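So the structure is just underneath, and the comments pick up after that.
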Amino acid sequence: MPTLPNPSQDARNSFYITTPIYYVNARPHLGHAYSTIVCDAVARRKRSQGIATWFLTGTDEHGQKIERSAKLAGKSPAEFATAISGEFRSLWDRMGLTYDDYIRTTEDRHKRGVQRLFAELHDRGFIYKGSYTGQYCVSDEAFVDVPPGAPCPDCGRITETISEENYFFKLSAFERKLLELYETHPEFVQPEARRNEVTAFVRSSLKDVSVSRTSVSWGVPVPGDEKHVIYVWFDALVNYITALGYGSDAPEDKARFEKFWPANVHLVGKEIIRFHCVYWPAFLMAAGLPLPKSVIANGWLLFDKTKMSKSVGNIVRAETVLEVLGADALRYFLLREISFGHDGNFTFEALVQRYNADLANGYGNLVSRVVNMVHRYFGGVLPETGPMGDAETSIQNDAGLTIVEFNTQFEAMDFSRALESLWALVAAVDGYLTASAPWKKPAEVSDEAHAKTQARVLATAAEAIRIITALVHPILPESTGKVWLQLGLGNIEEAAKRGDLKDLAWGGLRAGTSFAEPAPLFPRAEKDAIERMQSLESGNNLSAVAAVSGSSGEASSSPVISEATAPCSGSTEAPVHAPVSEPAVPAASALETTAAGSDAAREGIAQIGIEDFAKVELRVAQILVAERVPKADKLLRLEVDLGYEKRQILAGIAQYYEPEKLIGRKVVIVANLAPRKLRGLESNGMVVAASIGDHGAPVLAGFLEDVPIGARLK
Ligand code: MSP
């Protein structure tokens, strides 16, 4: 389990935590919300411990992926980025996330800092000019060391070949220093599995890396050589310091930088650990700047057992959960259900079940029972406890142990266990209340004696609730605010600022405190909650598909391309590898059926599972150019538009289709077929057609309704 560096060891008593900055190619989903919620909970806790805390989040807006997404949406990259960045920010605001700064990489303060660092590394001799010919994964914005046509080793998408002049950073010079860093400061990369992964990567020898691009224009210009833009990962990583004021000479910026750099925690998804634990510290070492204290990797949020991501089409939006169950329910579920550092599954069923069991019937019900009884039996004023019996002492001891456990587990980022420990206390107090039954007066007991029992039980339970509420405040900020008010303790945010939520000890709730009126905390979720969320989501996913597909009017109002639908293959500028259709056989046919539907045609064709079918990326494309290929009477050379890119396909349909009649026609293509050369020409994809009759005459697949280009068939 990762551990948070102990901020009390920091003489400055400051704590700086960052989320990754999110790409603006797609609207936020629960996967993004997860890392931001984790940082928010940690930041809230640090603040309530009296530690000067800075919590940064923001958006990563440059690069080829965004450039293409904007084009697909028919917007300028700047306009496009502003729209999606705004969506992230307003979602975080709606969720009440307490970021101290929101950086956008398109802001001047950032660009200035990026250029300053670049120039600094250049002046120090760590950046030199060269040229790069090799593969690039647009989706990951990464230079990848694989042969042409091979998929990206990280995301599995097809890479594209680029050949361009680049500036290089001398990463190779940092191999030894990085290995030393991991060894002497194991807390720098967490959890351990990620450290092993990063160490193995560096040990396998580091090559210098490109830090500029010339075939992309959406980025920060290289100072003094403006035909280059700075590589988007260099640009993005530097956000962690530009947001604090690096690159500015203003005294307040310098002071903030001094106060908060180096960061205590960069929280990042496990797939981007290499950029943060290899490139980033090397850039900082080269510039002579202090290194972050830790990079901590979270696992992925899975939906239907697959990483939640737009391209897979399995995303859930935070808004859906907010609308039906509220922000605290989402925060609680994500931190309780996922063992931090590992992947975790999201399902509506599990969410509703946890919500009802732990929040509605657990904590919420406990608070409402106690607050209601204090009103009913004591006019809303907390009575004196009187001498404690064994049962009360046991609750007090449980609470003491829980404080220690919860604090230790939270500091170790083991949120799930921390909540489990705390909910054991909720259950203990609930059991104590039920066993003591203060609402029942035994016949043999006098009114006076019974009132004393009631006072003791309710005061004990209320004090336990105060402790539970103070501990869980960073995770359930909204509802703990309501509970704090009901307990007559005022505003919990103010209490946190005063330090009332730290160093908790039994006995903080004084007799004579006036409770506020009870108010509902977590109304029970009824059966239809799941259906409501599902139907909200199906609406969302439908619009996501339309947005990805591009050419319709709808695309501009939902300007999105998914991570994976910004494929690595073929760009407008640099059409790439590959290819294919099957001109040598009678016709182009994706599914290789003959005499459609006949039993004979089906013989010998194995059944496949849906996961096999999902591997075939079928998309709608529009033919822009169609012409015959000299000396190949069966072949047509097509240029097709997929919305997010154009590509060349060779199709064996020349004997059946006049090229000029094909222009403008929408067809279905296999978009992820491995590239291939035919008659010296690259073919990148395959046109789908029915194969008719003995000669397999092709009939191109099409649609009766108008469909946007780029739309995926599934
Ligand atoms: N822009 C880069 C980060 C640059 S930081 C200097 C990037 N952006 S991203 O939008 O693709 O991802 C941002 C973060 O969201 C990553 O940490 C990623 O792991 C996280 N998530 C995206 N989908 C996720 C899940 N399904 N589950 C959990 N987190 C995931 O990478």
Side-chain angles (χ1 to χ4, degrees), residues 17-39 56-66 69 81 84-85 87-88 91-92 103-106 110 113-114 117 137-142 154-155 157 194 219 230-243 263 265-281 283-284 292 295-318 330 334-335 337-346 560-566:
I17 185 165
T18 64
T19 69
I21 48 170
Y22 302 104
Y23 283 131
V24 290
N25 67 309
R27 286 179 306 225
H29 59 66
L30 273 190
H32 305 119
Y34 176 52
S35 25
T36 322
I37 287 172
V38 169
C39 287
L56 174 72
T57 189
T59 42
D60 189 354
E61 306 187 8
H62 288 130
Q64 199 163 8
K65 172 151 110 165
I66 312 299
S69 301
I84 305 253
S85 178
E87 288 202 36
F88 272 91
L91 176 62
W92 301 158
I103 182 114
R104 297 184 53 195
T105 55
T106 45
H110 173 73
V114 171
L117 187 71
C137 171
V138 177
S139 182
D140 289 353
E141 293 283 14
D154 287 327
C155 69
R157 291 168 196 132
R194 301 291 153 226
I230 294 172
Y231 170 45
V232 65
W233 267 103
F234 184 100
D235 172 349
L237 289 162
V238 183
N239 92 88
Y240 301 130
I241 55 176
T242 55
V265 176
H266 289 318
L267 187 91
V268 304
K270 63 180 182 181
E271 80 285 13
I272 53 174
I273 200 86
R274 188 172 6 121
F275 296 100
H276 284 83
C277 297
V278 181
Y279 293 11
W280 182 223
F283 296 157
L284 291 167
V295 177
I296 301 182
N298 61 262
W300 288 335
L301 202 56
L302 313 176
F303 193 69
D304 294 338
K305 305 212 167 83
T306 312
K307 183 188 178 203
M308 197 178 277
S309 101
K310 192 65 157 316
S311 51
V312 182
N314 65 345
I315 55 155
V316 176
R317 300 203 178 276
L330 177 60
L334 292 176
L335 295 187
E337 197 77 8
I338 298 172
S339 168
F340 184 79
H342 297 94
D343 292 350
N345 231 10
F346 179 88
V560 180
I561 185 169
S562 77
E563 297 135 44
T565 49

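For clarity, every value in this text was computed on a predicted model and none was experimentally measured. Any value given below was found using the heavy atoms of this structure, including those in side chains, with hydrogens, waters and symmetry copies removed. Just so you know, ligand 1 is whichever comes first in the structure, and atom 1 is the first atom listed for that ligand.
- Aromatic rings from His29 and Phe303 are positioned such that their centres are separated by 6.0 Å or more.
- If you number the atoms of ligand 1 from 1 as listed, the ones under 4.0 Å from a heavy atom of Gly299 come out as 28 (C).
- Every N/O-N/O distance between Val268 and ligand 1 stays at or above 3.5 Å.
- Within ligand 1, the atoms closer than 4.0 Å to a non-hydrogen atom of Ala236 are 6 (C), numbered from 1 in the order shown.
- In this structure the side chain of Leu267 reaches within 4.5 angstrom of the side chain of Phe340, judged on heavy atoms.
- In the candidate list Tyr240, Tyr23, Trp300, Phe346, Tyr23 is nearest to atom 31 (O) of ligand 1, counting heavy atoms.
- Polar contact check, Leu301 against ligand 1: a nitrogen or oxygen pair lies under 3.5 Å apart.
- You'll find the side chain of Tyr23 stays beyond 4.5 Å of the side chain of His32, heavy atoms only.
- Side-chain contact between Ile272 and Pro20 is present, with at least one heavy-atom pair separated by less than 4.5 Å.
- In plain terms, the two heavy atoms of Thr19 and Gly58 that are nearest each other are OG1-N, 4.3 Å.
- Ring-plane geometry between Tyr279 and Phe283 is classed as tilted, the angle between the planes lying from 30 to 60 degrees on a 0 to 90 degree scale.
- When the options Glu271, Lys65, His29 are ranked by their closest heavy atom to atom 18 (C) of ligand 1, first place goes to Glu271.
- Residue-ligand proximity: Trp280 is placed with every non-hydrogen atom at 4.0 Å or more from ligand 1.
- Counting the atoms of ligand 1 from 1 in the order shown, those under 4.0 Å from a heavy atom of Ile272 are 3 (C), 16 (C), 17 (O), 31 (O).
- When the heavy-atom distances from atom 21 (N) of ligand 1 to Gly58, Gly31, Pro28 are ranked, the shortest goes to Gly31.
- For the ligand labelled ligand 1, residue His276 lies inside the 4.0 Å heavy-atom shell.
- Heavy-atom proximity to Asp60, at under 4.0 Å, picks out these atoms of ligand 1: 1 (N), 2 (C), 4 (C).
- Just one of Leu301, Leu302, Asn298 meets the side chain to side chain contact (heavy atoms under 4.5 Å, CB included) condition when paired with Asp343; it is Leu302.
- Within the 3.5 Å criterion, the main-chain N or O of Asn345 finds no donor-acceptor partner in the side chain of Glu337.
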